[in-house]
Amino acid sequence: MSRLDLQELTVRYRHTTAVDRVSLTVPDGEIVGLVGESGSGKSSIARAIVGLAPVSGGRIELDGRELARRGRRRPVQMVFQDPYSSLDPRMTVGESIAEAIPERLDRTVRRREVERLLHRVHLDPARAGQRPGQLSGGQRQRVALARALAGRPEVLIADEITSALDVSVQGAILNLIREMQRELGLSILFISHNLAVVRYVASRIAVMYQGRLVEDGPAAEVLGDPSHEYTRRLLAAVPAGVAGRSTHPRKEFR
Amino acid sequence: MQRWSRAARTPLGIVGFGLLAVTLFLAVFAPLIWHRQAGDYDTDNLLAGASGEHWFGTDNLGRDIFYRVLVATRLSITLAVSATLIAVVVGVVLGAAPTLLGRWIGRPLIGLVNILVAFPGLLLVLFFAIVFGVGAKGAVLAVGLAGAPTFARLGHTLMAAVAGRDFVAAARASGVRPGRILVRHLLPNIAEPLIVNATIGAGGVLLSFAGLSFLGLGVQSPDYDWGRMMQDGLGGIYVHPLAALAPGAAVIIAGLAFNLSGEAVARALGVQVDVAWRAVVTPTRHRARAAAPPPADDVDPDLVLDVANLRVAFPHGGDVIRPVRGVTFQVRRGEAVGIVGESGSGKSLTALAVADLLEFPAQVDADRLAVLGTDLHDGTDHRHLLGTSVAMVFQDPMTSFNPAHRVGAQLAEAARAHQGATRKQAWRRAVDRLSAVHIHDPHRRARQYPFEFSGGMRQRAMIGMGLMGAPKLIVADEPTTALDVTVQRQVLDMLREVRTTDDVALILISHDVSVVAEVCDRVMVMYAGRVVEDLPAADLAVAARHPYTRALVAAVPDMHSDLDAPLATIFGQPVDPAHVPDGCAYAARCPLADRRCRTQEPTLTSGVACWHPGESLPVPHARDAREVDA
Ligand SMILES: Nc1ncnc2c1ncn2[C@@H]1O[C@H](COP(=O)(O)OP(=O)(O)OP(=O)(O)O)[C@@H](O)[C@H]1O
Ligand code: SF4
Ligand SMILES: [Mg+2]
């Protein structure tokens, strides 16, 4: 569908430069994983792209044209980390999703669209009338995904969307992300500090360190033969996984 | 609304709302019913005292004071409520300005508001009263505008808090317009505290009005409110005190009506703080005695912790919920035991119970709960034993440190409290412990405040605090969940090092099997308040027998996960501790569940609580396509 290009993107808050001349491409229909330690500027990039943080320098382009970061129609949508704070507790699931639909639709059309979106993220459309308080963390994150899809995005930004979730639901959300990329052809910038998670979803991996992009390439290359010292440290820090698991194919769970 | 009606049922609420109902009833109906009685001149009884005919006596024109107080309710309340409304509306508009108009206009506006809030309220009222002129209308404007800064600040604070939440960011990012964000997201989410404060404020406004009318700046005859009546009655206060006291009492009662109602609601809403028990610092005991503690002579000297049939319960409405339902385990010297399980499985409560950190209303029960051979149930105070031999590390070290004190001082405090060290010795030990947890330049760092530490450093300092004594057991509850991998690595290494060099036992709680597998010798898997499997960490991948354990292991992607297959997921939802089903608690999610599973609960025998341990699981391929709904 679309290619997202960051060119020398710089994000500055009052005294600090959070993102320092980062150039990064999310190719059409691919998932790019963005990793890096906390405070390295990952979320600032995400927020700058969707217009929540100031762009102090550089350009953000969608298919070669300057990205619209204002106005009603937003071709880049974002899903946030904490599903407990990213949904308005006083609005129903359906209202939250409907609010993100850019066009004015009449009521029945809108309801049908909300149902379609809920179905898309494997939630029972009957949940449209429920409030977030009645949903589990994983279900809320699905609603947040449905809301992002409501804006009919060409690119999706996912900022640590599984780190507030239990491991038992993390897998389901990751499967859903891959499914959306596959079936909707979405281009996705997937931010996480968990390398095992990024490895599972992303075809390319970019590494941030202190506001700079220090490495960027096909996932297998970055993980197999890291060129930057920080990437090597990152890889060494990943828990080895449950001992002996690599020799034990997990076929039975598929 | 549910919570509001709950507020109405507390004793405070009954009194408050009762008074408020009476006040509002009078405000509406008193003038209709007693209009005539209040206006009649009884020329035979000028300035009369209380009598059967005139309960509170009469005024200088012979009018009945009792009825006049009742009738004045309407004007008094109307004025107070209008002024409050003005204060709230103007306040909210001012308070919303920074959020809506951006910082350039908002900042100076809020600066101005802060100055006005600091200004004595009465002076503001008098200032505006003079600006708007004498009379009821002027008084309403004066009192309302004088109250606006307070509400502006309140509204600003509340709104800034809501505006910082992700759902507002999400709405902005998806192109929702500012006006709509204000109406749909901001206002509804600040409405409750705003209404509560307005209600309490209305009580105060009532007093301001009484004050203004009393000074002659408010309501003018022939109209009368309680303040006006007080002023009229003041002249004869020595001969006929009731003429001034009766309207005064009305002001106080009506003021209380607003205040108490607001308080009651505020308290009912305040109950929402549901994590308060986590921050427990000084333990207190509220637990039933164990039924029959087994004899303690055959104590194994290597046993650091010995827990048998531990149960934790909370009162819940009229009922009791039991999030921990009989946990039995032992930890030996230097051993590292992991506890894993989904959110709500009772991991943290088990840990807190062991460290004796659960406060009322939690009720802790156990057949045996012994630390280093000492039964915590013997009725004596074990704070010293626990303080020196058990160290606790929490998920968020920011909340475990006091932000206002230097890190070193907080570590030293622990040594002074438990070991009676002198100030100097304690400080030296604190610096030493900081360096033991690999904090560089510990002398300088000890003098810093918690916010000057990074997340990982704080967590290590927290472990350092636990090491001030010579602990035999460290209990760490999700110590790395809030940290990123490189920092997580440091903390895990730290824990491992402390364990081997000082021969300290460790209980490590996490929802991530791979973290636990990394550090621990043994893993206990909890589900719905019970241990469902207890196995060597090395067996997790190859020899786990409980279907839940196997599902948990499979759900975590690692650096070897098959990229072409979907990740395993666990169908369905964890058990709500308020509704634990009969039989095996996992049955609703288990692919092996049969009739027996649903009726009979398996007990933990030879390390696993399952009727079909180790049986091969069917292939749940169809599940990813179906409604997963988890
Ligand atoms: N003060 C309390 N009053 C009522 N219920 C409580 C209280 N504290 C905990 N619970 C309930 O007890 C259950 C177990 O809580 P616990 O904190 O031990 O879970 P956990 O396994 O540590 O979960 P997490 O992974 O989310 O930290 C939960 O369902 C929780 O709602
Ligand atoms: S007892 Fe039955 S339902 Fe429970 S885990 Fe074992 S097989 Fe599954
Ligand atoms: Mg917990």
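The figures here come from the full heavy-atom set of this structure, side chains too, leaving out hydrogens, waters and symmetry mates. In what follows, every chain begins at residue 1, and chains take the letters A, B, ... in the order their sequences are listed.
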Side-chain donor-acceptor pair present, A:Asp166, B:His511, cut-off under 3.5 Å | no
Name the one of A:Arg74, A:Arg73, A:Gln77 that satisfies side chain to side chain contact (heavy atoms under 4.5 Å, CB included) with B:Ser174?
-> A:Gln77
Between OH on residue A:Tyr200 and CG on residue B:Asp558, distance to nearest 0.5 Å = 11.5 Å
Please assess A:Arg90 against B:His185 for the test side-chain contact (heavy atoms from CB on, under 4.5 Å), listing each intermediate value before the final yes or no.
-> CA-CA 8 Å; A:Arg90 283 169 201 281; B:His185 295 287; over 6 Å; no
side-chain contact (heavy atoms from CB on, under 4.5 Å) between B:Glu342 and A:Val167, worked out = CA-CA 8 Å; B:Glu342 280 164 285; A:Val167 282; over 6 Å; no
Kindly check if the number of other-residue, nucleotide or ligand heavy atoms within 6.0 Å of CZ (B:Arg177) is above 12?
-> no
Side chain, backbone, both or neither of A:Ile157 within contact of chain B (heavy atoms, under 4.5 Å) | neither
Partners of A:Phe190 by ring-ring contact (aromatic ring centres under 6.0 Å, His included), sequence neighbours excluded?
-> none
Heavy-atom distance under 4.5 Å between the side chains of B:Phe167 and A:Pro89, does that happen here?
-> yes
Nearest 0.5 Å please: distance from the CZ atom of B:Arg180 over to the CD atom of A:Glu99.
-> 4.5 Å
Return the set of residues passing side chain to side chain contact (heavy atoms under 4.5 Å, CB included) with A:Tyr84 (not counting sequence neighbours), or none when no residue passes.
-> A:Asp82, A:Arg140
Go through A:Val238 and B:Arg489 one step at a time and tell me if the side-chain contact (heavy atoms from CB on, under 4.5 Å) criterion holds.
-> CA-CA 8 Å; A:Val238 180; B:Arg489 158 71 31 186; over 6 Å; no
Identify which of A:Arg233, A:Arg47, A:Met91, A:Met78 forms the greatest number of heavy-atom pairs closer than 4.5 Å to chain B.
-> A:Met91
Between B:Leu567 and A:Arg178, is any pair of side-chain heavy atoms under 4.5 Å apart?
-> no
Find the distance between CD (A:Gln170) and CD1 (B:Ile570) and round it off to the nearest 0.5 Å.
-> 11.5 Å
